[in-house]
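What follows is a set of notes on a single structure, which appears directly below.
In what follows, chains carry the letters A, B, and so on, assigned in the order in which the sequence lines appear, proteins first and then strands, with residues in each chain numbered from 1.
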Protein chains: 2
Amino acid sequence: MTTQVDSGVRQRTRRAILDAAAAAWARDWSTSLGDIADRAEVSRSTLHRYFPERQALVDALLIDAQDTLERLWTGATAASGSPIESIENIMIAIAEEANRIVFLFSDPSRFAGNPNWRADDDTDDMVDLVRAAQADGTVDSDIDAEFTVGIVYSLVYVAAEAAASGRMPRHKAAEYAVRTFRHGLSPRHHA
Amino acid sequence: MTTQVDSGVRQRTRRAILDAAAAAWARDWSTSLGDIADRAEVSRSTLHRYFPERQALVDALLIDAQDTLERLWTGATAASGSPIESIENIMIAIAEEANRIVFLFSDPSRFAGNPNWRADDDTDDMVDLVRAAQADGTVDSDIDAEFTVGIVYSLVYVAAEAAASGRMPRHKAAEYAVRTFRHGLSPRHHA
DNA sequence: TGAAAATGGGACATGAATGTGTCATTCTTC
DNA sequence: GAAGAATGACACATTCATGTCCCATTTTCA
């Protein structure tokens, strides 16, 4: 039981476990709690103290990742003057913290029915943003908006992969992704 | 024991199992053999007759998917006159049979050490193709070639997802992907 | 039609992951 | 330095996927 507010120690342990789980489950949903505990550098006992059941960790992770996503979203849109600028800033922001977020999209159907799942809302917001950019004339209207959102996410994923593999710094990978998006979805192009 | 050549019945059962496993494992590597048997509409007993151990199914699937990939590759490059045309034709071809192939790239590290793994060769070939297209002047040389290959695969993945969800016909999704690639990686663009 | 092939269904043992609990040890904090 | 918090290291039961049989039934093909 927590005394009053969780101590700094507990916060750090909790975060280590969440981050380890996010990174592991992004690649392999069947990663065992024992492996996650190892990655977090805690014992399996400790992991179970923080998250009594596997489902408790899943739920906490879901909430944490979506909170992070919305925080990034707010920051990125606040600093933007146009829809396409918002999209590009969001891409960069997500690429920065991809380790905590990617697992959300590795297989969304996995969380279907989970009352904590609300990332669809973010995707809906992104679709709205793309539609606004299409109305703007800054994004190709010939390509389906939902499809375009899929491209946005997958470009971010490629950037995150490239950064994680150590082949290039994260900011450079993000720049490539944004650049490809901007050019690839540009409306003015000879047939 | 097989009499002489596998009967047509066995071929169809075997294919149903391989396809079910490829589709299931592309999304969730922890899908049980029981679930795969259900998807393939065979009993778990039958599945075990064809693939005594889980590993046997993994190996067979690995070989089957890579054979498919190389077949597509050969056909696509044979019908192409330039590197970029080859790349685009391969994208379309892979999108067609994505269900059998995508699982290869869902987490390649999973197959590290497996003697049957050779998809890296295909990726290497793709890198060569991109480099040729860059030398051509048809693909942006400012973006890392390996990163570009990642984009190619992920665009195909997005197309396959869109088609699988039923939001659009497969050929249209593939067209979007190719279009995004062509424009997104185009070299001539104002800064 | 009859034999062989192929499949379905179930029983059973095994191993890995999970969940629970206890106790000793280490770390914080006053 | 002492009390409480936090952790690590086990032990144990339970559940589930896996692998191995066996036998009845259906399907295929000569």
Side-chain angles (χ1 to χ4, degrees), chain A residues 1-62 103 106-107 109-111 113-114, chain B residues 1-62 103 106-107 109-111 113-114:
Chain A
M1 186 61 60
T2 62
T3 46
Q4 33 182 4
V5 180
D6 277 353
S7 70
V9 179
R10 285 188 66 86
Q11 284 298 331
R12 271 179 288 123
T13 302
R14 180 184 151 91
R15 175 117 312 278
I17 295 173
L18 287 175
D19 286 347
W25 284 344
R27 290 196 159 279
D28 184 359
W29 179 243
S30 58
T31 304
S32 71
L33 298 180
D35 286 348
I36 290 174
D38 289 345
R39 285 167 177 261
E41 293 183 309
V42 298
S43 68
R44 197 165 68 89
S45 300
T46 297
L47 188 149
H48 270 99
R49 275 192 200 94
Y50 282 75
F51 307 99
E53 308 163 2
R54 183 188 173 101
Q55 190 59 43
L57 176 54
V58 172
D59 292 343
L61 195 56
L62 215 45
F103 93 97
S106 60
D107 180 13
S109 70
R110 181 173 298 146
F111 306 116
N114 190 315
Chain B
M1 183 60 61
T2 60
T3 45
Q4 34 181 6
V5 180
D6 277 353
S7 71
V9 178
R10 284 189 67 86
Q11 284 299 331
R12 269 178 291 128
T13 301
R14 179 186 152 91
R15 175 118 311 277
I17 295 173
L18 287 175
D19 286 347
W25 284 343
R27 290 197 158 278
D28 184 0
W29 178 243
S30 58
T31 303
S32 71
L33 298 181
D35 287 347
I36 289 174
D38 289 344
R39 285 168 178 261
E41 294 183 308
V42 299
S43 68
R44 196 166 67 89
S45 299
T46 297
L47 189 149
H48 271 99
R49 274 190 201 95
Y50 282 76
F51 307 99
E53 307 163 4
R54 184 188 171 101
Q55 190 59 43
L57 176 54
V58 172
D59 292 344
L61 195 55
L62 216 46
F103 93 98
S106 60
D107 181 13
S109 70
R110 182 171 297 146
F111 307 116
N114 189 314

Query raised in the report: Rounding to a whole Å, what distance do you find between A/L33:CG and D/dT14:P?
Result: 20 Å
Report task. In whole angstrom, give the distance that lies between atom CD of A/E53 and atom P of C/dA17. Result -> 19 Å
Query raised in the report: How would you label the contact of B/Q55 with the nucleic acid (heavy atoms, under 4.0 Å): base, sugar-phosphate, or nothing?
Result: nothing
Requested in this report: Give a yes/no answer on whether the side chain of B/Y50 brings an N or O atom under 4.0 Å of OP1 or OP2 in C/dT7.
Outcome: yes
Requested in this report: Look at the side-chain N and O atoms of A/T46 and state whether any lies under 4.0 Å from the OP1 or OP2 oxygen of D/dT7.
Outcome: no
Report task. Let me know the distance between CZ of B/R54 and P of C/dA16, rounded to the nearest Å. Result -> 14 Å
Query raised in the report: Can you tell me how far C1' of D/dA6 sits from CZ of A/R49, to the nearest Å?
Result: 7 Å
Report summary line: Smallest heavy-atom separation, B/L18 atom then B/L61 atom, equals O-CD1, 3.3 Å
Query raised in the report: Between B/T31 and B/G8, who's closer to the 5' end of DNA chain D by nearest nucleotide?
Result: B/T31
**Report entry** Minimum side-chain heavy-atom gap B/L57-B/W25 below 4.5 Å
**Finding:** yes
Query - Euclidean distance, atom CG of residue B/D38 to atom C1' of C/dT7 [Å, nearest integer] - result: 15 Å
Report summary line: Of the candidates C/dT18, D/dC10, C/dA6, the side chain of A/S32 sits closest to C/dT18
Query - Qualifying residue, where the test is side-chain contact (heavy atoms from CB on, under 4.5 Å) with A/R54 and the options are A/I36, A/L33, A/L47 - result: A/L33
Query raised in the report: Taking NE2 from B/H48 and P from D/dC22, how many angstroms apart are they, rounded to a whole number?
Result: 16 Å
Report summary line: Rounded to whole Å, the CG-P distance (B/D35 to D/dC16) equals 13 Å
Report task. Report yes if a side-chain nitrogen or oxygen of B/T13 is closer than 4.0 Å to either non-bridging phosphate oxygen (OP1 or OP2) of C/dA6; otherwise report no. Result -> no
Query raised in the report: Has the side chain of A/S45 got a donor or acceptor that lies under 3.5 Å from a partner of the other kind on the base of D/dA9?
Result: yes
Report task. Output yes when a side-chain donor or acceptor of A/T46 lies under 3.5 Å from a complementary backbone atom of A/V42, and no otherwise. Result -> no
Query raised in the report: Between the base of C/dG19 and the side chain of A/R44, is there a donor-acceptor distance below 3.5 Å?
Result: yes
Query raised in the report: What closest approach, in Å, do B/A60 and B/R14 show between heavy atoms, and which atom pair accounts for it?
Result: CB-NH2, 4.2 Å
